[in-house]
Amino acid sequence: MFLEFKKEAEQVLKDALKKASNYDDIDPILDLEVSNHADITSRIAFSLANRYKKPPTAIAEEIVTQIAIDMTHPTDTLIADVVAAGPYINFYTNEFFLHKTLQWIKAGMEITTTTPNKNREKVILEHTSANPDGPLHIGHLRNAIIGDVLVRVLTRAGYDVETQYYLNDMGRQIAVVVWGADRIAYDEAKKADHAVADVYIAANKLIEGNSEFLNDVEELMRRYEAGDAEIVQKYEVAVKKCLEGIQATFRLLNIPRVVFVWESEFVRSGAVREVIEELKQKGQIELDGSAVLLQLDGIEKRLVIQRSDGTSLYTTRDLAYHRWKSKNCNRVIDVLGKDHELVAQQLAKALELLDVKPPEFVIFAFVSLPSGSLSTRTGRYITADELIEKIEERAYNEVDKRRGDLTESKKREIARKVGIGALRYDIAKVSPDKHIVFDLDDALDIEKKGAPFIQYSHARACSILRAAEPQGYAVSTDYGYDYESDDSLLTERSEIELIKKLSMFSYIVEGISSDLKIHRLGKYARELAESFNLFYKDCPVLNAEADLRRVRIALVDCARIALRDVLALLGIEAPEEM
RNA sequence: GGACUCGUGGCUUAGCUAGGAUAAAGCACCGGCCUUCUAAGCCGGGAAUCGCGGGUUCGAAUCCCGCCGGGUCCGCCA
């Protein structure tokens, strides 16, 4: 609902600028921002001051006098007041805005987009895309969580999102696994992806420095690219085994519906060859022996698009993949580690040559351990599975400490929600360009004001509604607003602050769907929980006088919905008690 | 060496894209609040020359330049 308020403020300001004839020539950059001092504020007076050589305070004053809001009916506007505070023009919401916000929440919080026709546009979002040579580790976890939160936010904003996991099945790593699987048995007692990692690590040790084995591996790669049926079959067994484990981890993390796209498909379909031929015609080509290099605008590093032996490379295959993605949707989004940044730039430039709109990249900095960087090959990593198990155990201890009264299965269920929630929140709340040194003890310390804090607020809201029912207090949609007098029964500061915070939901979702900065969602979720906790402390609900009780119960219900939904966007489950 | 990126209280972070009203939180620390809807909560306190130096500006954590420190990349690997 805040978006609607902002839109109205924009319109009012534009009209005022038109009326203040001195300023009507400018293209209005309204400079409207959320502020501590008002519900929304405009700093436009500063830029006008520069242009017209007048003090900004005078300009702000002048503009405000031109503002006219028709208030013949209180429900014609969401604005209560506009005042000049020095150089700032401050806008304040009215009672009707609060009322509309609650109605809107109860009706499902539809996100009205600012740009038309965006609804149901198709997005293909690629995340994780880890090599299928072992389990996901905490580096992949960051990728997966950022990606999954984006998928949830974009879906909520009205996009039709497909999540893809690009499967690098043509790399050397997989050939090593396939080679190893012929000599070393999988440990069937282990989770599939962990068993694959064992084989991968052991095979690497055997191959290291042994040129005969190295040749074997290269032979495998050649035959796979050529589509040798026997080899393809072996590859499929190994890759699918690993994938089975990775998907199990995704399920634990609440990451649903991921479509696996096999890299090799683009080679066998001829798409890679087409890309290479087209680049040879359209691009600035250099030859190094029989290898083909492409010089890209603004990038010093030349991109090799074809090897001396004529076989394809990862980047060219990726180009074919991206061209295909682009043909099948309106927005292509890739979540990538920082190590792929140069490749991403080359990819974007090469796609431009092919007249394909480049993807939007979300690039995140590395996760390392206090002992150094992660490596699947050397076995130096903490797996996502291990982390999930430990954090759930820690969460169980916390639940057990507080709720000894619950049944074992109930405690386990809450521990699972709290544990995964804490993990996801910890990663989602940090800006992707911050390097993370992962400290296991720190991650397991779920006393902090993270996901459990937000979940707890939700549980409290549920608890009130649970207690209301047996007393015969139904949840109504009466928010205590009087259309005649424009009065509201919700007048406490904490009530109003809570409703205003609730109204920001769509603003945040809409914002993230364009700037893709998911850490803003974590901040909003925490602020929402804080607002609810303040309301909870200040305003008795069930013991309030009957009319007030009715509208406060309705407010609690709205808060419950918003907390549940914001947690859902973070991929965190909202327990009804904890 | 070159390119990119990060550097904000003891620790972890938000704010930086489009410069503006007292730099905002969490953890840790100190003190207070459970006969009322869950104390995984609430209130108060101390704690920051926003890495350093210059520049642009009426105004810089935010933009520009230089330096220092951490990270990533610079394969006919993926």
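Below, read A as the first sequence line, B as the second, and so on, with proteins coming before strands; counting in each chain starts at 1. Basis for what follows: all heavy atoms, side chains included, without hydrogens, waters or symmetry-related copies. Predicted, not measured: the structure shown is a model, and the values here were computed from it.
Across B:rA78, B:rA14, B:rC37, the shortest atom-to-atom separation from the side chain of A:V541 is found for B:rC37. Side-chain proximity of A:K301 to B:rC74, B:rC6, B:rA25: nearest is B:rC74. The nucleotide whose nearest atom lies closest to any side-chain atom of A:L342 is, among B:rC73, B:rC43, B:rA14, B:rC73. In the set B:rU72, B:rG2, B:rC6, the nucleotide with an atom closest to the side chain of A:F366 is B:rU72. Distances from the side chain of A:E300 to the nucleotides B:rG2, B:rU13, B:rA78 place B:rG2 closest. Taking the side chain of A:K338 as heavy atoms from C-beta on, and the options B:rA21, B:rG71, B:rA40, the nearest nucleotide is B:rG71. Each of B:rA21, B:rU5, B:rC43 was ranked by its minimum atom distance to the side chain of A:L534; first place goes to B:rC43.
Between B:rG19 and B:rU57, the distance separating the two P atoms is 15 Å to the nearest Å. Taking atom P in both B:rC65 and B:rU5, the straight-line distance is 11 Å, to the nearest Å. With both ends at atom C1', the span from B:rU62 to B:rC50 equals 10 Å, rounded to whole Å. Nucleotides B:rU56 and B:rC30 are separated by 45 Å at their C1' atoms, to the nearest Å. Comparing the P positions of B:rG44 and B:rU8 gives a spacing of 27 Å, expressed to the nearest Å. The C1' atoms of B:rC63 and B:rG15 are separated by 16 Å, rounded to the nearest whole Å. B:rC52 and B:rC33 are spaced 41 Å apart, taking the P atom of each and rounding to whole Å. When the C1' atom is used for both B:rC76 and B:rU72, the distance is 23 Å, rounded to whole Å.
When heavy atoms are screened at a 4.0 angstrom cut-off, A:N90 is found touching base atoms of the nucleic acid. A:S431 comes within 4.0 angstrom of the backbone, heavy atoms only, and of no base. Counting any heavy atom pair closer than 4.0 Å across all strands shown, A:C539 reaches a base atom. At a threshold of 4.0 angstrom between heavy atoms, the contacts of A:Q471 with the nucleic acid are absent. Across all strands shown, A:A291 has heavy atoms under 4.0 Å from base atoms, whether or not it also approaches the sugar-phosphate. Base engagement by A:E577 is indicated by at least one non-hydrogen atom pair under 4.0 Å involving a base atom. At the heavy-atom level, A:F46 lies under 4.0 Å from base atoms of the strands shown. Within 4.0 Å (heavy atoms only), A:V556 reaches no atom of the nucleic acid at all. If you check every strand for non-hydrogen atoms under 4.0 Å, A:D515 touches nothing. Residue-level contact check: A:R520 touches neither bases nor backbone, having no heavy atom under 4.0 Å from any strand. Nucleic acid contact class of A:V292 (heavy atoms, under 4.0 Å, all strands): none.
For the pair A:E341 CD and B:rG2 P, the interatomic distance rounds to 18 Å; values are reported in whole Å. Computed from coordinates, the A:N36 CG to B:rA14 C1' distance equals 13 Å when rounded to whole Å. With rounding to whole Å, A:E530 atom CD is found 9 Å from B:rG26 atom C1'. A:Y425 has its OH atom 14 Å from the P atom of B:rA25, to the nearest Å.
The aromatic rings of A:Y165 and A:F260 sit tilted, their planes meeting at an angle between 30° and 60°. Classified by interplanar angle (parallel below 30°, tilted 30° to 60°, perpendicular above 60°), the ring pair A:F213/A:W179 is tilted.
A side-chain donor from one of A:R549 and A:Y473 sits under 3.5 Å from a side-chain acceptor of the other. Neither side chain, A:H340 nor A:D334, offers a donor N or O lying under 3.5 Å from an acceptor on the other. Side-chain atoms of A:R317 and A:S312 form a donor-acceptor pair, as typed in the model, at a separation below 3.5 Å.
By the 5.5 Å and 30° criteria, A:H37 is stacked with the base of B:rA21.
With hydrogens and angles left out, the side chain of A:D445 and the base of B:rA28 share no donor-acceptor pair within 3.5 Å. For a distance-only test at 3.5 Å, the side chain of A:T41 qualifies as a donor-acceptor partner of the base of B:rA21.
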Chi angles and distances behind the salt bridge (Lys or Arg N to Asp or Glu O under 4.0 Å) call for A:K338, A:E341: CA-CA 5 Å; A:K338 197 101 174 82; A:E341 200 167 35; 2.6 Å; yes
Evaluation steps, side chain to side chain contact (heavy atoms under 4.5 Å, CB included), between A:M504 and A:V34: CA-CA 10 Å; A:M504 304 290 282; A:V34 258; 3.7 Å; yes
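Listed for the A:E398 side chain is no donor-acceptor partner under 3.5 Å among the backbone atoms of A:R394.
For B:rA39, the OP1/OP2 oxygens have a side-chain nitrogen or oxygen of A:R460 closer than 4.0 Å. Between A:R402 and the phosphate of B:rA40, there is a side-chain N or O to OP1/OP2 separation shorter than 4.0 Å. At the phosphate of B:rC42, OP1 or OP2 sits under 4.0 Å from a side-chain N or O atom of A:N533.
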